[in-house]
Novice: 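One structure, pasted below without further comment.
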There are 2 protein chains.
Amino acid sequence: MARVMGERSEVVPLLAEVFRAYGFEGASLARITEGTGLGKGSIYNFFPGGKEEMAEAVLGEIDGWFRDQVFQPLRAVGADEAEQGVERMFTAVGRYFLSGRKVCLVGVFALGHERDRFAVKVQAYFAEWVQALAAALERGGRDAASALALSEDVVGGIQGALVLARAADEPELFMRALERMQQRLKETRH
Amino acid sequence: MARVMGERSEVVPLLAEVFRAYGFEGASLARITEGTGLGKGSIYNFFPGGKEEMAEAVLGEIDGWFRDQVFQPLRAVGADEAEQGVERMFTAVGRYFLSGRKVCLVGVFALGHERDRFAVKVQAYFAEWVQALAAALERGGRDAASALALSEDVVGGIQGALVLARAADEPELFMRALERMQQRLKETRH
DNA sequence: GTCTATAAAGCGATAGAC
DNA sequence: GTCTATCGCTTTATAGAC
């Protein structure tokens, strides 16, 4: 099973999948070594702080990806391109969650006992998402209050659709929900 | 710490809180004995099948409660009282989730590895909820397709709002989302 | 940087006294 | 029906060889 990862950063996405599949407490070191293909020794060489440091690294990478691909683009959008900026968010989100086949690790942590341990990162992720989307909606001509309300509906709707899609084992349910949310935003413009 | 529970049914709600707080894998027998006030021996006297049987019992009780308090009332509603039947659902749901301070155990299980183990019950819970609400919406004058779409939006919206409320540690976020969903149903009638 | 061996603690579950 | 004691296994984490 000898392997050479070279970079700690190469391990993080593999760790993410293990935490996503089993949660923090369910992600045993046996499952982690299986999912990463690395022995315990190698894992602890990269993450001396153990599972806690691994989860922090995973949350950090997720946050970084969303900041680059979703939050920043939403915030940077001009008044004339607000609409298409929001559309790009839906495209990126649909792709990220593999059209409903992949759940949101931050959402999983938010619901469970993990929330207390990783409170800062969990809270920041959703707060940033809601704020960035609200900013884009406001840029598109909505008043602050309804932009915030709509933004919470959409971010919450995405999380809930992931729950339903996974419960039903029917990923298409997620994509249909995404499309309805886009449609609803179009209908309620101005 | 001597106690007399008398009834197995008295233990189930206490077990529910432990599973809700820690998930299935996180709910260790130490936490279970602490949460129920019963020793391991007593617990295994009630649930010879161990944790799996405990979780089944909890899911069964949750399903029973929702069937009695939410699903059946929604399905039994007449054409003239469809609107107020849906309103009663929102009231019951707000009360059940303690205004956003309590998460949905079935939702937690749906997102995690628990989904595989309890697939039938998890799937049935959400499917029944969506169908019952869609039936009431249809009774209220909507066509089948839009009733189903709205129903998925609402049930998903409730689950997502629970995620966001817990992530932000702000239960009021959940109640505000509930009110907006009710408002939206009113606005889109006929 | 990788592995195996090992330690100490916690795990689910069982047995048996009361 | 309740408890304590205990079993065997898995857990996280460390030590040390290569």
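Chain letters run A, B, ... following the sequence lines, proteins first, then strands; residues in each count from 1.
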Novice: Once you round it to whole Å, what is the distance between C1' of dG12(C) and CD of E53(B)?
Specialist: 14 Å

Novice: I32(B) CD1 to dG10(C) P: how many Å, rounded?
Specialist: 17 Å

Novice: Whole angstrom is fine here: how far is it from CD in E25(A) over to P in dT10(D)?
Specialist: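 So the CD-P distance, E25(A) to dT10(D), works out to 19 Å.
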
Novice: Mind checking S42(B) for me? I need base, sugar-phosphate or nothing, with any heavy atom below 4.0 Å counting as a touch.
Specialist: base

Novice: For the side chain of Y44(A), counting heavy atoms from C-beta on, which of dG1(D), dT14(D), dC11(C) is nearest?
Specialist: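 Among the listed nucleotides, the one closest to the side chain of Y44(A) is dT14(D).
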
Novice: Any salt bridge linking R189(B) with E83(B)? Criterion: basic side-chain nitrogen under 4.0 Å from a carboxylate oxygen.
Specialist: yes

Novice: From CE of M54(B) over to C1' of dG12(C), roughly how many Å is that when rounded to an integer?
Specialist: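 Value for this atom pair: 9 Å.
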
Novice: Would you indicate which nucleotide in dT2(C), dA13(D), dT2(D) comes nearest to any side-chain atom of N45(B)?
Specialist: dT2(D)

Novice: Take the protein atom CD of E7(A) and the nucleotide atom P of dT2(C), then report the distance between them rounded to whole Å.
Specialist: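 One finds 11 Å between P of dT2(C) and CD of E7(A), rounded.
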
Novice: Looking across every strand, which nucleic acid part, if any, lies under 4.0 Å from K40(B) by heavy atom: base, sugar-phosphate, or nothing?
Specialist: base

Novice: Taking R184(B) first and then D153(B), would you say they form a salt bridge - that is, a charged N and a carboxylate O separated by under 4.0 Å?
Specialist: yes

Novice: Which nucleotide in the list dT12(D), dC3(D), dC11(C) gets nearest to the side chain of L38(B)?
Specialist: dC3(D)

Novice: To the nearest Å, how far apart are K51(B) NZ and dC9(D) P?
Specialist: 19 Å

Novice: Quickly work out the E34(A) CD to dC3(C) P distance and round it to whole Å.
Specialist: 14 Å

Novice: To the nearest Å, give me how far apart CZ (F46(B)) and P (dC3(D)) are.
Specialist: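 From F46(B) CZ to dC3(D) P: 10 Å.
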
Novice: Hey, does the side chain of R142(B) reach the backbone of A147(B) with a donor-acceptor pair shorter than 3.5 angstrom?
Specialist: no

Novice: At 4.0 Å (heavy atoms only), tell me whether G41(A) reaches a base, stays on the sugar-phosphate, or touches nothing.
Specialist: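 G41(A): base contact, heavy atoms under 4.0 Å.
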
Novice: Would you indicate which nucleotide in dC11(C), dT11(D), dA13(D) comes nearest to any side-chain atom of L29(A)?
Specialist: dA13(D)

Novice: Return the minimal non-hydrogen interatomic distance between L150(A) and L137(A), and the atom names on each side.
Specialist: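 In this case the closest contact between L150(A) and L137(A) is CB-CD1, 3.9 Å.
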
Novice: Checking side-chain polar atoms at under 3.5 Å, does S42(A) have a donor or acceptor matched by the opposite partner on N45(A)?
Specialist: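 Result is no, nothing qualifies.
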
